[in-house]
2 protein chains.
Amino acid sequence: MYADKPFTSDTAAIINVCIIEDDEVIRRGYISLLQSDEGFFTSGAYAAAEEALKHLEEDQPDVILLDIQLPGIKGVDALPAIKKILPHVQIIMLTVHETEDLIFTALKNGASGYLTKNTPFSKIKDHIREVVKGGGAMSAGIAMQVMRHFQKNLNTPLTKRETEILECIADGKSRSKIAAQLFIDLETVKSHIKNIYHKLDVNSRDEAIKVARKDRYI
Amino acid sequence: MYADKPFTSDTAAIINVCIIEDDEVIRRGYISLLQSDEGFFTSGAYAAAEEALKHLEEDQPDVILLDIQLPGIKGVDALPAIKKILPHVQIIMLTVHETEDLIFTALKNGASGYLTKNTPFSKIKDHIREVVKGGGAMSAGIAMQVMRHFQKNLNTPLTKRETEILECIADGKSRSKIAAQLFIDLETVKSHIKNIYHKLDVNSRDEAIKVARKDRYI
DNA sequence: AATGAATCCCCCGTAAAGGGGGATTATTTG
DNA sequence: CAAATAATCCCCCTTTACGGGGGATTCATT
């Protein structure tokens, strides 16, 4: 019933993994640890994204472990190219630094997970199994960074109404549309916006949005 | 050296946990499982948020396990009230349903984690330890939902330049500011915006932003 | 009594927005 | 090679929005 490289992702099926990692020691370590687990098959291991891209079509991995700090094409930049070749492959980013920008760039580009390299390999295997099942994989530190991005600043200088109006502005709504939506007069909206601008020390919509997003008032 | 309820969060210190969960069986189960681990101390367990709020000041938990589906005040709505009493407490939401709206509302309101109830308790304990250390806690399913929210739609009808300009519009920038930022003429920006509006079948900035966010073109 | 919040009103001038038409280059692609 | 697409720029037009200035009122909380 089972082939060497199963095409389906049954729970019992062997997971086909590809490794893109420039550090030879780590790369060999991953290969060795995966090979000693009969639930996994390593279809390819490459030191650079350029090299990997040539072989991915042939390898047909279910999951790719992708180092974020690669020489040449960086891991985050390789993401779209990989997705173009294998649209349904799950990609787990591996990193040493929890740099905020890289995390979000990777997520936008379609990564299914983001793990720090100090994650025990048994956990990495757990995460690989999870992403094959359609889940996500995140280290605690990464998860915290992501969650912080959602959390509002409770020490906002803005009132409830002002925050509400500023959120409308961040949605690109005109003053008259805000007025209609909140069932208040256009003049009231104007007053609120004037107060918002004074409090944030800005004098345009885009500056207000910028400050409000930076300080997480919205 | 160690008191019964240590004030610091040393790695060796006992973690003070509070449980807010209306199902008596689950609540008792959590208490029992926590008590059988010397790394944890259960300072309180309540069936409703209203009741918990009265005792939290006294309990001084490091971490609160908070059921999202509570009778009376819902878990997500209790979050701000809890944070007001104990601003530095870490709150882990527990849920059966991975409802998207609730996840993001909880994250905005300051939750440190979001776990599904089918998570093995050993894992829940791992996650509690992680959030005490300043990390985040997310089940794979939740992590996937969160990540999907970041991922762009690769099947956008918009060109690269149009997407770029639409992102500027979503930042509240005026046409002239976009022109200055991209080093192109105001007329070029106008042309692009006209094309964007035609492609998205809208005729205003706010509608364009709405459609683009819904379909994840930006 | 005072403060802050939310509401509404008037003035002003400049700039922006949206829609119509078109043209010119590259580049990509069939 | 020819055709399509993308990106650039140009003109017309009208309406509305925007930002800044000055106020006032009501209501709740302090």
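Only heavy atoms go into these numbers, but all of them, side chains included; no hydrogens, no water, no symmetry mates.
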OP1 or OP2 of D:dA7 sitting under 4.0 Å from any side-chain N/O of B:Thr159?
yes

Which residues pass the ring-ring contact (aromatic ring centres under 6.0 Å, His included) test with A:His149, not counting sequence neighbours?
A:Phe104

Any side-chain N or O of B:His192 less than 4.0 Å from the OP1 or OP2 oxygen of D:dT8?
yes

Holding to ring-ring contact (aromatic ring centres under 6.0 Å, His included), I want the full list of residues that pass it with A:His198, two or more places apart in sequence or in another chain.
none

Could a donor-acceptor pair under 3.5 angstrom be found where the side chain of B:Lys190 meets the base of C:dG20?
no

Donor-acceptor pairs under 3.5 angstrom involving side-chain atoms of residues 179-192 of chain B: please list them, not counting sequence neighbours.
| unit_1 | atom_1 | unit_2 | atom_2 | d |
| --- | --- | --- | --- | --- |
| B:Asp185 | OD1 | B:Glu187 | N | 2.8 |
| B:Ser191 | OG | B:Glu187 | O | 3.4 |

Contacts to DNA chain D from residues 199-218 of chain A, heavy-atom cutoff under 4.0 Å, which residues?
A:Asn203, A:Ser204, A:Arg205

Residues from residues 168-189 of chain B sitting under 4.0 Å of DNA chain C, heavy atoms only?
B:Ser174, B:Arg175, B:Ser176

Using atom types as modelled, flag every donor-acceptor pair under 3.5 Å from a side chain in residues 73-94 of chain A to any protein atom, sequence neighbours excluded.
| unit_1 | atom_1 | unit_2 | atom_2 | d |
| --- | --- | --- | --- | --- |
| A:Lys74 | NZ | A:Leu70 | O | 3.1 |
| A:Lys83 | NZ | A:Val89 | O | 3.1 |
| A:Gln90 | OE1 | A:Ser112 | OG | 2.5 |

Is B:Tyr197 near enough to C:dG19 that one of its side-chain N or O atoms lies under 4.0 angstrom from OP1 or OP2?
no

What stem regions, each of at least 3 consecutive Watson-Crick or G-U pairs below 3.5 Å, can be found for DNA chain D?
C:2-28 with D:3-29

Any residue meeting salt bridge (Lys or Arg N to Asp or Glu O under 4.0 Å) with A:Glu50, in chain and number order, not counting sequence neighbours:
none

Could you list all the salt bridge (charged side-chain N to carboxylate O under 4.0 Å, His left out) pairs where at least one residue sits in residues 92-107 of chain A, not counting sequence neighbours?
none

Filter on salt bridge (charged side-chain N to carboxylate O under 4.0 Å, His left out), then keep only pairs touching residues 207-217 of chain B, sequence neighbours left out; what's left?
A:Asp171-B:Arg213

Taking only residues two or more places apart in sequence, or in another chain, which ones meet A:Tyr197 in a ring-ring contact (aromatic ring centres under 6.0 Å, His included)?
none

ring-ring contact (aromatic ring centres under 6.0 Å, His included) partners of A:Phe40, counting only residues at least two apart:
none

